[in-house]
Amino acid sequence: MITEDMMTDKSVILGRPAGRNTAGGAPVSGPTHGNLSEEEIVAAALRVVHEDGLDKLSMRRLSRELGVSAMAPYYYVSDKRELLDLVATAALADITAPDSGGDWQARLRTLIDQIDDRLARYPGLGEVLLEQMLRKQRHLIELVMEILFDAGFSERNVLLAYVAIHTYLFGRSGIADQEPTIPDRTGLPEAIARAARHLDGVHAQDFYRFGVETLISGLGVQLDRQRPANA
């Protein structure tokens with residue numbers, strides 16, 4: 001808790017480590033009230049996004065989550081853009097490479113599942129995460145492409161296959177947590193009415209499983225078509 005006496009300490013008001021040199025010198029060690037770390041800021045931002053969605057993440061909302069002054073986060077991140085970069089990096093950091101040597105389709109599914117899980121876990125962050133893959137987390141793109149090369153795809157088809165995967169994940173990121181509904185089911189055309197009967201028993205994960213299995217199976221068909229040309 002910040003007391004009246006503490007309010008005279010600028011490092012406490014800003015949430016800085018006491019004695020930190022703002023002119024570029026080495027920080028003085030030793031915790032103090034209001035001390036923040038980059039890890040704490042990122043963890044708090046991820047909590048906000050997970051619980052309330054990306055739209056609710058702001059520097060002011062972050063400061064409330066951390067229990068510090070509204071200006072405190074600015075000492076560690078210059079603006080929301082930098083904050084989102086850190087958040088996206090943290091969200092993607094624990095994605096692991098599938099075991100090598102196994103079936104390429106199973107390996108690809110394992111990797112896509114991990115990426116999709118991060119997109120679903122942090123609502124609204126999908127576009128940022130996917131952009132982060134293109135700008136900074138390129139090892140994830142490399143992992144996808146290595147699996148495709150191992151499977152035998154040509155260089156051109158590896159590119160096309162990756163774009164198909166990226167497009168699928170990007171499209172899903174906007175609807176990952178939404179359940180499909182038709183408010184008024186009266187007077188529907190016959191084909192729609194027949195399919196709509198199953199809406200109440202179909203959920204977001206069902207759409208994901210069907211979509212990713214169709215995508216990977218389709219890549220297998222493309223690989224089979226490619227092989228005679230390379231024989």
K.L.:
For the residue pair Leu140 and Leu143, establish whether any side-chain heavy-atom pair is separated by less than 4.5 Å.
P.N.:
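A side-chain contact exists here, since the closest heavy-atom pair is under 4.5 Å.
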K.L.:
Nearest 0.5 Å, please: how far is CG in Leu46 from CZ in Arg121?
P.N.:
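These two atoms lie 9.0 Å from each other.
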K.L.:
Kindly write out the residues that satisfy side chain to side chain donor-acceptor pair (under 3.5 Å) with Glu65, not counting sequence neighbours, or none if the list is empty.
P.N.:
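Partners of Glu65 by the side chain to side chain donor-acceptor pair (under 3.5 Å) criterion, ordered by chain and then number, come out as Arg47, Arg61.
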K.L.:
Shortest non-hydrogen contact from Asp206 to Gly201?
P.N.:
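Between these two residues, the closest heavy atoms are OD2-O, 3.9 Å.
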K.L.:
Please give me the minimum heavy-atom distance between Val68 and Pro73, naming the atom from each residue.
P.N.:
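The answer is CG2-CD, 4.4 Å.
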K.L.:
Using residues 77-85 as the side-chain source, report each donor-acceptor pair under 3.5 Å to any protein atom, sequence neighbours left out, with the distance given to one decimal.
P.N.:
residue: Ser78; atom: OG; partner: Glu82; partner atom: OE1; Å: 2.7
residue: Asp79; atom: OD1; partner: Arg81; partner atom: N; Å: 3.2
residue: Asp79; atom: OD1; partner: Glu82; partner atom: N; Å: 2.9
residue: Lys80; atom: NZ; partner: Leu57; partner atom: O; Å: 2.7
residue: Arg81; atom: NH2; partner: Glu131; partner atom: OE2; Å: 3.2
residue: Glu82; atom: OE1; partner: Ser78; partner atom: N; Å: 2.8
residue: Asp85; atom: OD1; partner: Arg135; partner atom: NH2; Å: 2.6
residue: Asp85; atom: OD2; partner: Lys136; partner atom: NZ; Å: 3.4

K.L.:
Would you say that Asp94 contacts Arg118 through its side chain, given a criterion of any heavy-atom pair below 4.5 Å between the two side chains?
P.N.:
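Yes; the side chains approach each other to less than 4.5 Å.
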K.L.:
Honestly curious: do Phe153 and Leu160 fall in one hydrophobic cluster under the side-chain, below-4.5 Å linking rule?
P.N.:
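No.
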K.L.:
Under 3.5 Å, side chain of Asp116 to main-chain N/O of Asp113, donor-acceptor pair present?
P.N.:
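Side chain of Asp116 to backbone of Asp113, a donor-acceptor pair under 3.5 Å: no, none is there.
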K.L.:
For residues Ile95 and Gln114, report the shortest heavy-atom separation together with the two atoms involved.
P.N.:
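In this case the closest contact between Ile95 and Gln114 is CA-OE1, 3.4 Å.
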K.L.:
Could you tell me whether the side chain of Leu108 reaches within less than 4.5 Å of the side chain of Ile165, counting heavy atoms only?
P.N.:
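Touching, per the 4.5 Å side-chain cut-off.
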K.L.:
Rounded to the nearest 0.5 Å, how far apart are NE2 of His203 and CZ of Arg209?
P.N.:
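The CZ atom of Arg209 is 9.5 Å from NE2 of His203, to the nearest 0.5 Å.
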K.L.:
Rounded to the nearest 0.5 Å, how far does CG of Leu215 lie from CZ of Phe210?
P.N.:
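Taking CZ in Phe210 and CG in Leu215, the distance rounds to 12.0 Å.
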K.L.:
Heavy-atom count around His50 NE2 within 6.0 Å, excluding the residue itself: above 12?
P.N.:
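Count not over threshold, so no.
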K.L.:
Just how far is it from atom CG of Leu219 to atom CG of Leu148, taken to the nearest 0.5 Å?
P.N.:
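Answer rounded to 0.5 Å: 7.0 Å.
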K.L.:
Under the side chain to side chain contact (heavy atoms under 4.5 Å, CB included) criterion, do Leu86 and Ile41 qualify, and how do the steps go?
P.N.:
CA-CA 9 Å; Leu86 293 172; Ile41 290 175; 6.0 Å; no
K.L.:
Kindly give the heavy-atom pair with the smallest separation between Ala44 and Leu66, and that separation in Å.
P.N.:
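Smallest heavy-atom distance, with atoms named: CB-CD2, 3.5 Å.
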K.L.:
Distance check, rounded to the nearest 0.5 Å: Met71 atom CE versus Arg60 atom CZ?
P.N.:
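CZ of Arg60 is found 9.5 Å from CE of Met71.
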K.L.:
Report yes or no: do Val144 and Leu159 belong to one cluster of Ile/Leu/Val/Met/Phe/Trp/Tyr joined by side chain heavy-atom distances under 4.5 Å?
P.N.:
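No; Leu159 is not reachable from Val144 via cluster members.
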K.L.:
Atom OH of Tyr208 and atom CG of Asp117: how far apart are they, to the nearest 0.5 Å?
P.N.:
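Going from the OH atom of Tyr208 to the CG atom of Asp117 covers 9.0 Å.
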K.L.:
Counting only heavy atoms not in Asp55 (residues, nucleotides, ligands), do more than 12 fall under 6.0 Å from its CG?
P.N.:
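Atom CG in Asp55 is not packed in, count stays at 12 or less.
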K.L.:
Side chains of Asp150 and Arg107: closer than 4.5 Å at any heavy-atom pair?
P.N.:
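Yes; the side chains approach each other to less than 4.5 Å.
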K.L.:
Any non-hydrogen side-chain atom of Trp104 less than 4.5 Å from a side-chain atom of Phe149?
P.N.:
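Side-chain contact under 4.5 Å: no.
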K.L.:
So, Ser217 side chain and Thr214 main chain: donor-acceptor pair closer than 3.5 Å or not?
P.N.:
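A pair under 3.5 Å: no.
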K.L.:
Please report the closest heavy-atom contact between Ala151 and Leu223, naming both atoms and the distance.
P.N.:
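Looking at all heavy atoms of both residues, the shortest contact is O-CD2, 3.5 Å.
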